[in-house]
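This one's a predicted model, so the numbers in the text were calculated from it and none came from an experiment.
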Amino acid sequence: MARDSDLERDVVLLVLPLDDPHTDAALDAARRASGVGHPGLTRILDVDHDDERAWVTESFRGDDRSLAELATHGLPAEEVRRITGEVALVLEAARSRGLHHLAISPDSVFVGPDGSVRVRGLAVDAALAGVDEEGDEAAALDGAGVVALAYAGLTGSWPLQTSTSLPPAPRDATGVLPPSHLAVGVPSDLDTICRETLADDAGPSSPGDYAASVSPWSRTPVDDGAAQPLDDATSDDGAASHDGADASFADAPGPDDTQVLGVTPVAGAAAQEHRSTAVDSDDDEPTQAISRGATAPSDEPTQVVPAEGSDEPGAARTGRGAAAGAAAVSVAGALAGGGKVLGERVGRAAQRTRERAGEAAADRRAQREAIRSSESRDRVSLGSAGSQDDLEPPAPLLPADASEPPSREQSRVVVAIMALFVVVALVIGAVGVSKIGDNTDLSAIFGSDAQGADPVRPTQSSSTSRPSGGGNGARTSEPIPVIGAIGYDPNGDGAEHNSEAQRVYDDDLSTSWTTEGYESPNFGNKGGVGIVLDLGQARQVRSATLQLPQATTVQVFVGDEAGIAGTELGRSEGKNGSVTITGRSAARGQYVTIWFTTTVQSDDGRHRASLAEVVLR
């Protein structure tokens, strides 16, 4: 972290040795990433170098926490869905601009106190790592990276081979273990997409595909408890938590009138005998187990005695509480001496879960194949179109007598009408031909041998134009209307006195747009600031007449996007007043950017640039 002395704010500096083979690629990636103005991306403020090193300056928010830090302490499953969904939308927006991350990790995703999600290292981290993918492969790589983020948020471990601050995910012979094998409370859709991507290599084709698969999600942070690891799903006394007890002991019935105060661990066989006695007893009297605090020989079964009354101190609830107590008795006995029985039950439950997840994955793959097959069948080319010989003839639209030949009287009427139409057409044509050349000085166009007049030559326009309607009366094109304007500060906070931007096209020279005040003439080493004009649609721009109150250096760019990446129409250096910048050829685009690179010191000692009016032609 570093301190920007010009703008008085904390920033993050990425310093690279100039002789590193990946430095040039990283700097180029940073410059391209700085043009993606998405709020979910960490803003790149500056990219520069000197004789020994290069650096990339990024914005810094001290309250943000990385996903790696959050996942270490556990995250709710729906919060994982929200965070990864927002990351997927950010990467999809970058993909639409031709950029990919290719090296996403929990250390490059940050979450603010308000729940806002930001992604760091777009294209830069991949350039430093030497990763170079394009097209569909790059989109699929980012999609798999977002799935890996979901896995990390659910389990607190990292499933990919790249190194992060999280521990690596556990594996078996088939690959990375699914999240549902490491934590409870994992939603089935997140578990399935993690399994398909990390084990079956059938994940989303792009970040947008992932976002569509897991949507919808909450726009606000979710805090309803994290997915609990399986190691913590069973408490110290053997009572299963969450749905673990329900899944493992759903087959353990208990009478509604049984009261359980506690259990003393005994040998496995005795515990099983006691469980059978407590569950299958036909006695109508409620039973009561000796409390855990009572001492009994380890080779003696737990004693079960009739309850004295329902209001006895320490008596447990009846009904569903009694059934849960019976399950606790069973677990305690299994942990004391019947661990094999419990292990077999857990193994069968895990096997059933694995089989169900596999069936769900197979169903999703079958649905995708069916969709692709249907789409391919629906495509019909001109060459493969079938013959229409078997089509039935159309039903007749005329009465039956329409096929009879017309009578002589009908033929005369038709001929007369046709003749009338021909006469009218000839009259209109003759009148039109006679008017050709009226109100036109043909001698000025073709010349006159009798008068010896020379053809009229167009007057050449100078590099600095005059205001419309002035000069020697030469005809000029109509001004291009401007529908909006906004300040442009790509290397700062993005805004530059936006409320004054409309003054540059209000036809009032007494009003002007002015930049913010800077301590140095070069905008604090930012390269420049400017103002962007919106033409509403792509237009041909040949010249720009600027009314400059001070003598500054200014450039004019035209492009389909706001910024200085478009076509440069021209520039002016050290001039003020009415300055016209004319390009060698017309530039086409919807946005015109007026870019100032120098300033003038004001009376208060601050440096500024200003613009009173703009006329585009």
Side-chain angles (χ1 to χ4, degrees), residues 28 30-39 41 43-44 47 93-99 123 461-465 467-468 476-492 494-498 500-507 512-513 515 523 526-548 552-573 575 578-598 609-617:
D28 178 67
R31 293 187 183 97
R32 290 185 290 118
S34 65
V36 183
H38 195 283
L41 288 172
R43 191 172 186 82
I44 296 179
V47 180
R95 185 172 81 94
S96 66
R97 300 289 298 273
L99 290 177
S461 60
S462 60
S463 60
T464 59
S465 67
S468 62
T476 58
S477 60
E478 292 296 327
I480 300 175
V482 177
I483 67 171
I486 190 171
Y488 181 61
D489 184 10
N491 297 322
E496 195 75 15
H497 283 178
N498 292 346
E500 301 177 358
Q502 70 276 7
R503 298 178 180 178
V504 302
Y505 60 94
D506 61 356
D507 296 329
S512 63
W513 167 84
T515 67
F523 298 98
K526 290 201 299 186
V529 300
I531 185 171
V532 177
L533 308 179
D534 186 1
L535 307 183
Q537 61 181 350
R539 304 290 295 268
Q540 294 283 355
V541 180
R542 293 178 173 82
S543 66
T545 301
L546 313 178
Q547 300 294 334
L548 301 174
T552 56
T553 299
V554 61
Q555 297 171 266
V556 179
F557 296 89
V558 181
D560 293 329
E561 297 180 0
I564 59 176
T567 303
E568 181 177 358
L569 190 67
R571 67 173 59 196
S572 172
E573 298 181 1
K575 296 181 180 180
S578 179
V579 177
T580 297
I581 298 176
T582 304
R584 295 183 178 179
S585 60
R588 183 175 179 81
Q590 180 179 347
Y591 300 97
V592 177
T593 302
I594 314 298
W595 181 250
F596 292 90
T597 56
T598 62
S610 60
L611 177 63
E613 201 72 23
V614 178
V615 177
L616 304 175
R617 299 185 186 277

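Looking only at atom types and distance, the side chain of Thr580 has a donor-acceptor partner in the side chain of Thr545 under 3.5 Å away.
A distance of 5.5 Å separates CZ of Phe596 from CG of Leu548, quoted to the nearest 0.5 Å. For the atom pair Thr552 OG1 and Leu611 CG, the distance stands at 8.5 Å (nearest 0.5 Å). To the nearest 0.5 Å, atom OG of residue Ser585 and atom CD of residue Gln540 are 9.0 Å apart. Here the straight-line distance linking atom CG of Leu533 with atom OH of Tyr505 works out to 8.5 Å at 0.5 Å rounding. Atom CD1 of Ile581 is separated from atom CG of Leu546 by 5.0 Å, given to the nearest 0.5 angstrom. Interatomic distance, CD of Gln590 versus CZ of Arg539, reported as 10.5 Å (0.5 Å rounding).
Closest non-hydrogen pair, Ala609 versus Phe523, comes out as CB-CZ, 4.4 Å. Nearest heavy atoms, Leu99 versus Ala123: CD2-CB, 4.5 Å. Closest of all the heavy-atom pairs between Val36 and Ala94 is CG1-CA, 4.5 Å. Heavy-atom minimum distance, Ala612 versus Ser512: CA-CB, 3.7 Å. Listed here is the closest heavy atom pair of Val579 and Ser572: CG1-OG, 3.4 Å. In terms of heavy atoms, Asn498 sits closest to Ala495 at ND2-CB, 3.5 Å.
The backbone N or O of Lys526 sits less than 3.5 Å from a side-chain atom of Asn491, completing a donor-acceptor pair. A donor-acceptor pair is defined here as one N or O able to donate and one able to accept, closer than 3.5 Å; such a pair exists between the side chain of Trp513 and the backbone of Glu496. Side-chain atoms of Thr582 do not come within 3.5 Å of backbone N or O of Ser543 as any donor-acceptor pair. Under the 3.5 Å distance criterion, the side-chain polar atoms of Glu613 are matched with a main-chain donor or acceptor of Asp506. The closest donor-acceptor contact from the side chain of Thr598 to the backbone of Thr553 lies under 3.5 Å.
Judged as a salt bridge (charged side-chain N to carboxylate O under 4.0 Å, His left out), and not counting sequence neighbours, Arg542 has no contacts. Legend: residues meeting salt bridge (charged side-chain N to carboxylate O under 4.0 Å, His left out) with Arg97, ordered by chain and number and at least two apart, are Glu561.
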Only distances under 3.5 Å count here; give the side-chain donor-acceptor pairs of residues 563-571 to other protein atoms, sequence neighbours excluded, each with its distance to 0.1 Å.
{"unit_1": "Glu568", "atom_1": "OE2", "unit_2": "Gln555", "atom_2": "NE2", "d": "3.2"}
{"unit_1": "Glu568", "atom_1": "OE2", "unit_2": "Arg571", "atom_2": "NE", "d": "3.3"}
{"unit_1": "Glu568", "atom_1": "OE2", "unit_2": "Arg571", "atom_2": "NH2", "d": "3.4"}

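Each of Val592, Val614, Thr515, Val504 was evaluated against Ile531; a single residue qualifies, Val504, per the side chain to side chain contact (heavy atoms under 4.5 Å, CB included) test.
For the pair Ile594 and Val556, the minimum side-chain heavy-atom distance is below 4.5 Å.
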Could you walk me through whether Ile486 and Tyr488 pass the side-chain contact (heavy atoms from CB on, under 4.5 Å) test, one step at a time? CA-CA 6 Å; Ile486 190 171; Tyr488 181 61; 6.0 Å; no

